Chemist: 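If you scroll down you'll find the structure; I have some questions about it.
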Amino acid sequence: MHPSKTDLLQKATHFLQQYFVENGKQGFNQRLHQVNAEISNDGTYLLTEEELTYGAKLAWRNSNRCIGRLFWKSLKVRDRRSLSSPEEIFADLMEHLDFATNAGKIRSAISIYQAADRYPRVRILNKQLVRFAGYLLPNGQVLGDPDSLQFTRFCHALGWESVGTAFDLLPVVIQVEGEAPKWFTIPEEKVLRVPIIHPEYPWLERMNIQWYAVPVISDMRLEMGGISFTCAPFNGWYMLTEIAVRNLADAHRYNLLPQLAEKMGLDTRHVRTLWKDKALLVLQEAVLHSFQEKGITLVDHHSASEQFLEFCRVEEAKGRKVQADWSWIVPPTAGSTLGVFHREWENQVLSPNFFYQEVPRQVLFENEENLKECPFHHG
Ligand code: ARG
């Protein structure tokens, strides 16, 4: 994470060159000279707000697993590098949520807090700002989102108290390196929830399923020009399959297909009745309908596939070769009916980009004793 001065200068040069060329800007040599001096003196350099803004957009454009990249230029970049305390950051995150939610007309945004080369470092420990808790019940079943089991236990150990429903909002946990993590409750009015209903099946509404409107990834590191930002949460809008085919349907997530099939009166004794396929389709109809009814932005996988192919055309016309991860780009259902299924891409990871960070050890050792013993471990 801490590149040497030569390595940093090389990365800065590469990024600044791209920034100046793509924006048709003058003064590259002068800027490089300045950055070079800063790096020799301080071992790091400060990006201008304009560079930061363009760099964040490039990080989206370079996200090989994202099918929604046609819209990379429209990203709203919130330069919040001056904020560093958990309290300030949390308050600002609530503004990010408001901006992004926009009463359902979702806007893509990223908030960039302190760079990792400034001390003390700060991180959001949640995977996403808005996520539902998961509880292991005495009978071995899970209430809520099984993917949140570990993080939920961690929140309990911090002193958070849950309501105990299948859709409990987890608190936001923010940690400054070397300090105890602080948790904050998101006010309910900041979160747009979407009850899932079906245009033809009233029983579906009675299943009390819901999801949230805005996915805000909060645990990835943003890197540009050799500078890392460990706290740079960003959001887009959902693609239908993420909710209907994965979050609500995966056997290791909400696992709703068996219940749906039962209500639909399908024969689940044998996979050859294609009961899973049929239930999955109804779940997709329901999620699509529910978002549409409320006027909340959500893209279906057919449109997303077309948009991605348009992105490829635009990029190729600019002489840029699109890098993409086929296994992520192709949606998890309806594969061969989508244009993206029939294409291939190189899968080179370019900079700027977003990277996974190690899960802080505290979250892994969720009991209180271990919490005290384990200092914040930075990925
Ligand atoms: N797949 C993740 C989820 O279901 C969200 C990832 C980001 N998705 C997006 N449309 N920007 O919560």
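Everything quoted here is computed from the prediction, not taken from an experiment. Each ligand, and each atom within it, is numbered from 1 in the order the structure gives.
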Chemist: With a 6.0 Å cut-off on the ring centroids, do Phe229 and Phe234 count as close?
Modeler: no

Chemist: In terms of atom number and element, which parts of ligand 1 are under 4.0 angstrom from non-hydrogen atoms of Tyr212?
Modeler: 12 (O)

Chemist: Counting non-hydrogen protein atoms only, what is the nearest one to atom 4 (O) of ligand 1? Give residue, atom name and distance.
Modeler: Asn247 ND2, 2.8 Å

Chemist: What atoms of ligand 1 come closer than 4.0 angstrom to any heavy atom of Trp237?
Modeler: 9 (C), 10 (N), 11 (N)

Chemist: Less than 6.0 angstrom separating the ring centers of Trp211 and Phe132, yes or no?
Modeler: yes

Chemist: Look at atom 6 (C) of ligand 1 and say which protein heavy atom is nearest, naming residue and atom and giving the distance to 0.1 Å.
Modeler: Glu242 OE2, 3.2 Å

Chemist: What do you reckon, does Arg246 put a non-hydrogen atom under 4.0 Å from ligand 1?
Modeler: no

Chemist: Tell me which protein heavy atom sits closest to atom 12 (O) of ligand 1, plus the residue, atom name and distance to 0.1 Å.
Modeler: Tyr238 OH, 2.6 Å

Chemist: With a 6.0 Å cut-off on the ring centroids, do Phe308 and Trp345 count as close?
Modeler: yes

Chemist: What I want to find out is whether Glu22 reaches Lys318 closely enough, with some N-O distance under 4.0 Å, to be called a salt bridge.
Modeler: no

Chemist: When you look for heavy atoms under 4.0 Å from ligand 1, do you find them on the side chain of Ile243, its backbone, both, or neither?
Modeler: neither

Chemist: For ligand 1, find out whether one of its N or O atoms is nearer than 3.5 Å to an N or O atom of Trp211.
Modeler: no

Chemist: Ring centres of Tyr238 and Tyr212 under 6.0 Å apart?
Modeler: yes

Chemist: Are Trp203 and Leu280 joined in one hydrophobic group, where the rule is that I, L, V, M, F, W and Y side chains link up if heavy atoms are under 4.5 Å apart?
Modeler: yes

Chemist: Find all atoms of ligand 1 within a distance of less than 4.0 Å from any non-hydrogen atom belonging to Gln128, and give their numbers and elements.
Modeler: 2 (C), 3 (C), 5 (C), 12 (O)

